[in-house]
4 protein chains.
Amino acid sequence: MTQGSAPAAAKVAKLNRVERNAWTKRKIFDAATKVVGKYGYSEASVARITEEAGVAQGTFYNHFENRQELLDQLLPKIGMDMVEFIRERTGTANAARQEIARFGAFFEFIREVPEFLRILNEAEFFAPNGYQKHLDNISTAYVRILRRARQAGAIEDFSDEEFEAIVHMFMGARGYLSRRYSYADGAVTAVPHHVISAYEKLITRGLYRPCGEDKQP
Amino acid sequence: MTQGSAPAAAKVAKLNRVERNAWTKRKIFDAATKVVGKYGYSEASVARITEEAGVAQGTFYNHFENRQELLDQLLPKIGMDMVEFIRERTGTANAARQEIARFGAFFEFIREVPEFLRILNEAEFFAPNGYQKHLDNISTAYVRILRRARQAGAIEDFSDEEFEAIVHMFMGARGYLSRRYSYADGAVTAVPHHVISAYEKLITRGLYRPCGEDKQP
Amino acid sequence: MTQGSAPAAAKVAKLNRVERNAWTKRKIFDAATKVVGKYGYSEASVARITEEAGVAQGTFYNHFENRQELLDQLLPKIGMDMVEFIRERTGTANAARQEIARFGAFFEFIREVPEFLRILNEAEFFAPNGYQKHLDNISTAYVRILRRARQAGAIEDFSDEEFEAIVHMFMGARGYLSRRYSYADGAVTAVPHHVISAYEKLITRGLYRPCGEDKQP
Amino acid sequence: MTQGSAPAAAKVAKLNRVERNAWTKRKIFDAATKVVGKYGYSEASVARITEEAGVAQGTFYNHFENRQELLDQLLPKIGMDMVEFIRERTGTANAARQEIARFGAFFEFIREVPEFLRILNEAEFFAPNGYQKHLDNISTAYVRILRRARQAGAIEDFSDEEFEAIVHMFMGARGYLSRRYSYADGAVTAVPHHVISAYEKLITRGLYRPCGEDKQP
DNA sequence: TATGAATGAGGCTTCATTCAT
DNA sequence: GATGAATGAAGCCTCATTCAT
């Protein structure tokens with residue numbers, strides 16, 4: 001429209017069609033993360049999300065089949081970010097120490113990405129497909145870790161099936177604990193030390209070999 | 001309108017005003033339990049509940065301030081039923097055995113009252129006040145049990161604060177496990193044995209004295 | 001609100017609950033007739049209808065399951081009015097004359113109830129159930145008339161099945177003619193005389209005994 | 001972007017600009033015929049049509065001013081095909097026989113081009129301009145035929161204006177009959193014989209000279 | 001106290017059309 | 001000329017709550 005504007009074409013104009021498309025989708029996605037994190041799934045109307053994203057409501061449906069599709073993508077996406085985040089902080093100590101590290105990293109992540117907690121907790125009921133996908137992602141990865149620890153001699157006397165149950169307990173425990181201790185009037189705070197210590201005692205005695213040393217180096 | 005109706009009023013008429021009132025409220029309450037258990041909180045519209053209860057929508061507001069008030073009463077009420085149910089099945093064996101019994105009784109209760117699972121799980125987000133109340137109820141009772149076990153010498157080395165954390169882990173673990181293992185295509189099934197055994201190992205080794213015998217009789 | 005208003009309760013207040021209910025439903029129904037007649041089914045949004053009726057949109061759904069249900073009731077209802085209207089104007093002359101009278105009365109009715117034409121014509125596509133019902137109503141009644149004429153000796157050589165086809169042709173012909181000749185820029189005008197005369201010739205010669213006299217007195 | 005693409009451009013590239021243009025327009029047109037025939041006008045969104053045609057939505061507006069313009073072209077185009085189809089099957093027998101032949105050919109055409117019926121029937125309300133144009137086309141041609149029959153002595157006692165009315169009745173009758181007898185669960189079937197016979201009786205007696213022989217050769 | 005019709009805001013989604021690339 | 005993302009109005013319907021009877 002402004003005739004001579006070609007050379008001035010600003011930041012956004014540099015993007016080609018494909019990039020612009022991805023950028024818009026990303027805007028919607030990020031907006032949804034923010035909105036669900038703040039208000040919960042049930043208040044995350046398309047109107048609210050698109051307003052937060054700064055696009056028209058109709059635009060939403062150019063990028064997602066419907067509201068639910070977006071909602072179901074939220075958790076698995078952030079969940080993978082979390083897995084990566086935790087992996088980076090796990091260290092190379094013995095298996096029990098690593099488990100403690102993971103436990104702590106989980107709560108660190110929650111503070112880094114405060115939306116995560118609510119998204120995780122509510123997903124089961126508002127985004128069941130996404131929740132299941134996330135569960136499978138986590139469960140698979142976690143069981144693999146436990147198996148490796150068993151091979152290394154750090155765990156004895158647990159079957160694969162029992163591992164799966166243990167993993168579910170861990171996940172459940174973290175969820176409960178995070179909800180109980182990490183919320184402080186909306187804001188997210190650190191988990192108190194006694195929570196860590198209780199968890200440490202429970203799992204080092206109950207799951208991993210008490211001595212804290214793996215059998216095979 | 002109702003003036004001369006006293007003699008004709010059948011069965012129900014035997015009730016006086018207060019009893020009738022309580023009876024109606026109860027009908028609504030039971031209907032809500034059924035509806036939420038079957039469809040979840042978000043589908044539990046006032047219309048659906050009153051229809052299930054066989055009363056008019058307006059009647060609802062004679063007994064509850066608003067929809068949320070009823071929803072918030074649901075879980076604490078059933079939760080207390082559950083506590084009683086579990087207490088009756090705890091037995092008098094040593095502390096570790098009792099804990100296993102409680103764990104099992106929890107899953108029994110779920111099968112007795114199939115609505116409970118959904119009400120419990122969703123309450124956190126749809127009936128936060130009721131959820132908190134339920135949490136406090138359970139947590140208080142459970143911590144008391146653990147303290148007593150510690151006094152009896154069955155638990156060592158855990159502080160009161162750690163007990164609270166442990167209780168939350170237990171509750172979280174049960175929730176997760178029940179969701180993972182108790183749903184079978186809508187119906188509620190028994191929890192597989194390896195889940196029980198995994199739990200048993202984890203807590204007898206991690207919390208209670210491994211030998212399974214209390215210090216003081 | 002106005003404290004002493006009880007004795008003043010005006011016109012509408014005389015109605016009891018049932019009557020008020022019926023009255024509201026009727027208001028919606030009449031509004032729909034007007035709106036569909038003027039704008040056609042596709043423009044007959046619930047918003048437009050309720051606005052015309054002077055009620056809230058939500059009220060609509062207290063009286064009709066959904067938009068389509070109302071739409072499907074429109075034609076059969078008015079169709080029965082039409083049947084009655086025509087019957088009253090059929091007279092007692094011989095069968096052929098009666099047929100001409102019916103033909104004329106049809107066009108009279110269209111002018112009495114100008115909405116009818118559009119409702120009739122569009123119903124096939126926008127209210128198929130209602131259309132089918134109307135068709136059955138009319139077809140049944142019409143075939144009965146033809147049969148009686150055959151019994152009276154006014155018609156020869158047509159089978160029952162052929163009657164049904166004839167009735168469809170009559171209905172189709174009327175529809176076409178009414179659309180062609182009765183619309184005058186939205187308003188509805190009388191059908192020109194040559195249309196009547198053409199119809200008269202066609203059916204008195206083609207269907208009824210040409211002489212215009214029935215066999216049996 | 002397109003600079004060097006000339007040599008590589010396959011089959012389609014043989015077409016010059018004008019031909020390509022016409023080809024695209026044709027694709028859209030055919031797609032619209034298919035879509036309207038199958039789903040009706042109201043479901044014939046621009047999105048659906050362009051998808052069926054395999055072009056982008058924007059392309060549509062390079063060839064048609066708007067959605068309605070295309071819709072209005074649909075019926076007149078196919079209508080002319082029908083006229084040609086019927087003419088080829090009219091034969092050279094006497095006028096009454098020819099009329100019967102035309103009646104039969106109409107139903108044949110419906111089976112040849114199954115989309116036609118729906119397009120014809122719905123056009124009146126969804127493509128009024130196109131419908132009017134079609135009506136004029138048919139009416140003009142049909143009246144010419146009747147006039148010629150009158151000149152040949154096969155019809156007596158009908159004025160030109162009455163001819164026009166008769167033509168409308170014929171068209172209306174055909175429409176009704178085709179809808180009543182030609183739809184069989186979506187598919188299009190043959191019209192039962194009694195329909196043909198009823199029509200034959202009606203028009204040979206009512207319009208054409210009963211003897212079936214024209215006055216002047 | 002019981003009733004149930006009335007309300008109107010708000011939710012999701014579709015769609016014809018525009019316009020920058 | 002072709003593309004397809006962006007737009008925003010409009011449609012249907014649900015729902016918690018109110019209020020006159």
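Naming convention: chains lettered A, B, ... in sequence-line order (proteins, then strands); numbering from 1 in each chain. Given the structure is predicted, the values throughout are model-derived calculations rather than measurements.
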> Between C:D30 and C:R26, does a salt bridge (charged side-chain N to carboxylate O under 4.0 Å, His left out) hold up when you go through it step by step?
Replying inline: CA-CA 6 Å; C:D30 289 348; C:R26 178 63 189 257; 3.0 Å; yes
Given atom [atom1] of [X] and atom [atom2] of [N], what is their separation to the nearest angstrom?
{"X": "C:Q68", "N": "F:dC13", "atom1": "CD", "atom2": "P", "result": "9 Å"}
{"X": "C:E69", "N": "F:dC13", "atom1": "CD", "atom2": "P", "result": "11 Å"}
{"X": "D:N62", "N": "F:dG1", "atom1": "CG", "atom2": "C1'", "result": "6 Å"}
{"X": "C:K27", "N": "E:dT7", "atom1": "NZ", "atom2": "P", "result": "7 Å"}
{"X": "B:Y61", "N": "F:dT21", "atom1": "OH", "atom2": "C1'", "result": "19 Å"}
{"X": "C:E65", "N": "F:dC12", "atom1": "CD", "atom2": "P", "result": "16 Å"}
{"X": "D:H63", "N": "F:dG1", "atom1": "NE2", "atom2": "P", "result": "8 Å"}
{"X": "A:E19", "N": "F:dA6", "atom1": "CD", "atom2": "P", "result": "14 Å"}

>> Could you tell me if A:K27 sits above the aromatic ring of A:W23, with its cationic atom closer than 6.0 Å to the ring centre and no more than 45 degrees from the axis?
In response: yes
>> Pick the closest DNA chain F nucleotide for C:R48 and for A:A56 by heavy atoms, then say which residue is nearer the 5' end.
In response: A:A56
> Of B:A47 and A:V55, whose nearest nucleotide on DNA chain F comes first from the 5' end?
Replying inline: A:V55
> For the atom pair CD (B:Q57) and OG (B:S45), what is the distance rounded to the nearest 0.5 Å?
Replying inline: 7.5 Å
> With nearest nucleotides of DNA chain E determined for A:A44 and D:S42 from heavy-atom distances, which residue corresponds to the more 5′ nucleotide?
Replying inline: A:A44
> If you find the nucleotide of DNA chain E closest to D:F60 and the one closest to A:Q57, which residue's nucleotide is nearer the 5' end?
Replying inline: A:Q57
> Considering only E:dA16, E:dA6, F:dA16, which nucleotide approaches the side chain of B:R67 most closely?
Replying inline: F:dA16
> Which of the following nucleotides, F:dT17, F:dA6, E:dA2, is nearest to the side chain of B:V46?
Replying inline: F:dT17
Less than 4.0 angstrom between a side-chain N/O of [X] and OP1 or OP2 of [N], yes or no?
{"X": "D:T59", "N": "F:dG4", "value": "no"}
{"X": "C:N21", "N": "E:dA5", "value": "yes"}
{"X": "D:N66", "N": "E:dA16", "value": "no"}
{"X": "D:T24", "N": "F:dA2", "value": "yes"}

> If every non-hydrogen atom of B:H63 is compared with every non-hydrogen atom of B:T59, which pair is closest and at what distance?
Replying inline: CD2-O, 3.3 Å
> Aromatic rings B:Y41 and B:F126: how do their planes relate, parallel, tilted or perpendicular, breaks at 30° and 60°?
Replying inline: parallel
> For F:dT21, what is the paired nucleotide under Watson-Crick or G-U wobble rules, both distances under 3.5 Å?
Replying inline: E:dA2
>> Determine whether a donor-acceptor pair (one donor, one acceptor, N or O, separation below 3.5 Å) exists between the side chain of C:R17 and the base of E:dT3.
In response: yes
